Amino acid sequence: MTAESASEIAARVESFVRQVVVPYEGDPRCGAHGPSEELVRELRTKARKAGVMTPHITGGGRHLSQRETAKVLKASGLSPLGPVAVNTMAPDEGNMFLLGKIASSEQKARFLAPLIAGDARSAFFMTEPAEEGGAGSDPSMMQTTAMYDRDAWVINGRKTFITGALGAQIGIIMAKSPDGACMFLVDLPNQAIRIERVLNTIDNAMVGGHAVVTIDHLRVPPDQMLGAAGEGFRNAQVRLSPARLSHCMRWHGSATRANEIATHYACRRRAFGKPLIDHEGVGFMLAENLIDLKQAELMIDWCADVLDTGVLGTVESSMAKVAVSEALMRVADRCVQVMGGTGVSGDSIVAQVFREIRAFRIYDGATEVHKWSLAKQIKRGYAKAHSP
Ligand SMILES: Cc1cc2nc3c(=O)[nH]c(=O)nc-3n(C[C@H](O)[C@H](O)[C@H](O)COP(=O)(O)OP(=O)(O)OC[C@H]3O[C@@H](n4cnc5c(N)ncnc54)[C@H](O)[C@@H]3O)c2cc1C
């Protein structure tokens, strides 16, 4: 039997999301801090039955190529609930990718297998509170420490914006040791990791919301270090580009769906004697949406091809992240505008997509940080080309 192609997998995911997941969009269990655990379990039971659980990782733990992943993740993103239902959501998708690349076989069996099965969720602990001068856009400002004491690493610090920390079973914690940055795999919940509060944020698609967390004398055995001591930032790079790009893929799916809803509205709703779409101002907004969506898709595919050659693709993923997040923001904003009052209401997912993509312009590197790092690259290139 020939293996199912990525297009076929994506088609199955799309039909599952449209037929099974979309009807849940108005479910009262979609709360301010993401869908409830009960709703996640219900959706995942249906995803398993439909054979679309973790569709981007095939039998034997093989990850689809980035180009193939793009097809599947865009399909899963057609509803903001889709990635949660089929286990392509952040931060688990990026964490699974990272573990697949650098975890030991024992670590994979213990921490990766339950994630791929969709039986566990995970959180990535990097960002620290701004008011304490911790790591944010600049990870080198990290204050969380890891010190070796007798038979274990002891971790102390505070983290913030930790997506899904509430309710997760697996954590990847970044801390600095005397050897440099390190990553640790931990079981959650843990008495030494206290969730202070879950922030009220503009977005609400991600399970568990985004938590402020105190880590107080957490003891981690040495075999739970992910990679080697001092290689934390280098290993974080492995996760960085694909995780950034996968956000672009999922939100491209959501923006595509928002555009379908806005188009439906503009073709049905009438004002001043004709359908809205026949007013040039509205028609042009929808035309610009098509152009932005296509350009964003091409950026995603281009960057995916670069990553599929095996390079880190840091520059390309920065370019793609800026171009796609900014384009999708324009698309979401126009969808809201085309739909008038309905666009800002909770009667469709359009307002939510607008809020989610607004947050996306900040996480995984704010637009300005990517542009700044690209400018540094340009300067280096110029200096090299013009050195005597
Ligand atoms: C919804 C959401 C989910 C998140 N999930 C996680 C998570 O699961 N785990 C985790 O560890 N973190 C997470 N984060 C944190 C995220 O990674 C940080 O918010 C991001 O890195 C920016 O850091 P900061 O908030 O401290 O902003 P700051 O570092 O204070 O930056 C503020 C602003 O300053 C500007 N800026 C900064 N540097 C430059 C520069 N060099 N040039 C020009 N302008 C600049 C940018 O406009 C930036 O938006 C999440 C954030 C959000 C909003």
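In each ligand, atom 1 is the first atom listed, and ligand 1 is the first ligand listed. What you see is a predicted model, and the numbers here were worked out from it, not measured in a lab.
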For atom 22 (C) of ligand 1, state which one of Ser373, Ser137, Gly209, Gly164 supplies the nearest heavy atom.
Ser137
Does Phe124 reach ligand 1 with a nitrogen or oxygen that is under 3.5 Å from one of the ligand's nitrogen or oxygen atoms?
yes
Do me a favour and list the nearest non-hydrogen protein atom to atom 39 (C) of ligand 1 with residue, atom name and distance?
Val369 CG2, 3.7 Å
Nearest-0.5 Å distance that lies between atom OH in Tyr24 and atom CG in Leu81:
10.0 Å
Indicate yes or no: does Asp92 engage Arg121 in a salt bridge with an N to O separation below 4.0 Å.
no
Run the numbers for me: atoms of ligand 1, each under 4.0 Å from some heavy atom of Tyr363, listed by number.
1 (C), 2 (C), 3 (C), 50 (C), 51 (C), 52 (C)
Got an N/O contact under 3.5 Å between Glu368 and ligand 1?
yes
Would Lys176 pass as a cation-pi partner of Phe233, given that its NZ or CZ must be under 6.0 Å from the six-membered ring centre and within 45 degrees of the axis?
no
Nearest-contact summary for atom 26 (O) of ligand 1 - protein heavy atom, Å:
Gly136 CA, 3.4 Å
For atom 12 (N) of ligand 1, the closest protein heavy atom turns out to be Thr127 OG1, 2.6 Å
Who's the nearest protein heavy-atom neighbour of atom 19 (O) of ligand 1, and how far?
Ile362 CG2, 3.9 Å
Check ligand 1 against Thr163 and write out every atom of the ligand that is under 4.0 Å from a heavy-atom position of the residue.
3 (C), 4 (C), 5 (N), 6 (C), 7 (C), 8 (O)
Nearest heavy atoms of Leu98 and Asn235, plus distance in Å
CD1-O, 3.5 Å
Just checking, is any N or O donor in the side chain of Thr160 or Glu128 under 3.5 Å from an acceptor N or O on the other one?
no
For ligand 1, which atoms, with element, lie under 4.0 Å from some heavy atom of Phe161?
4 (C), 5 (N), 6 (C), 7 (C), 8 (O), 9 (N), 12 (N), 13 (C), 14 (N), 15 (C), 50 (C), 51 (C), 52 (C)
Does a sphere of radius 6.0 Å around CZ in Arg268 hold more than 12 heavy atoms from other residues, nucleotides or ligands, not counting ones at 6.0 Å or beyond?
no
Pairing of Asp187 and Arg110 as salt bridge, 4.0 angstrom limit
yes
Aromatic ring pairing His63/His56, orientation class (parallel under 30°, perpendicular over 60°, tilted between):
perpendicular
Report, in ascending order of atom number, the atoms of ligand 1 lying under 4.0 Å from any heavy atom of Ala366.
46 (C), 48 (C), 49 (O)
For His210 and Phe161, take the angle between the two ring planes, folded into 0 to 90°, and tell me which bin it lands in: parallel under 30, tilted 30 to 60, perpendicular over 60.
tilted
Contact partition for Met126 relative to ligand 1, non-hydrogen atoms under 4.0 Å:
both
Within 6.0 Å of CZ in Arg12, more than 12 heavy atoms from elsewhere
yes
So for Asp203 against ligand 1, with non-hydrogen atoms under 4.0 Å, the contacting part is side chain
Sub-4.0 Å heavy-atom contact, Thr201 with ligand 1
no
Is atom 31 (O) of ligand 1 less than 4.0 angstrom from at least one protein heavy atom?
yes
May I ask whether atom 35 (C) of ligand 1 is less than 4.0 Å from at least one protein heavy atom?
no
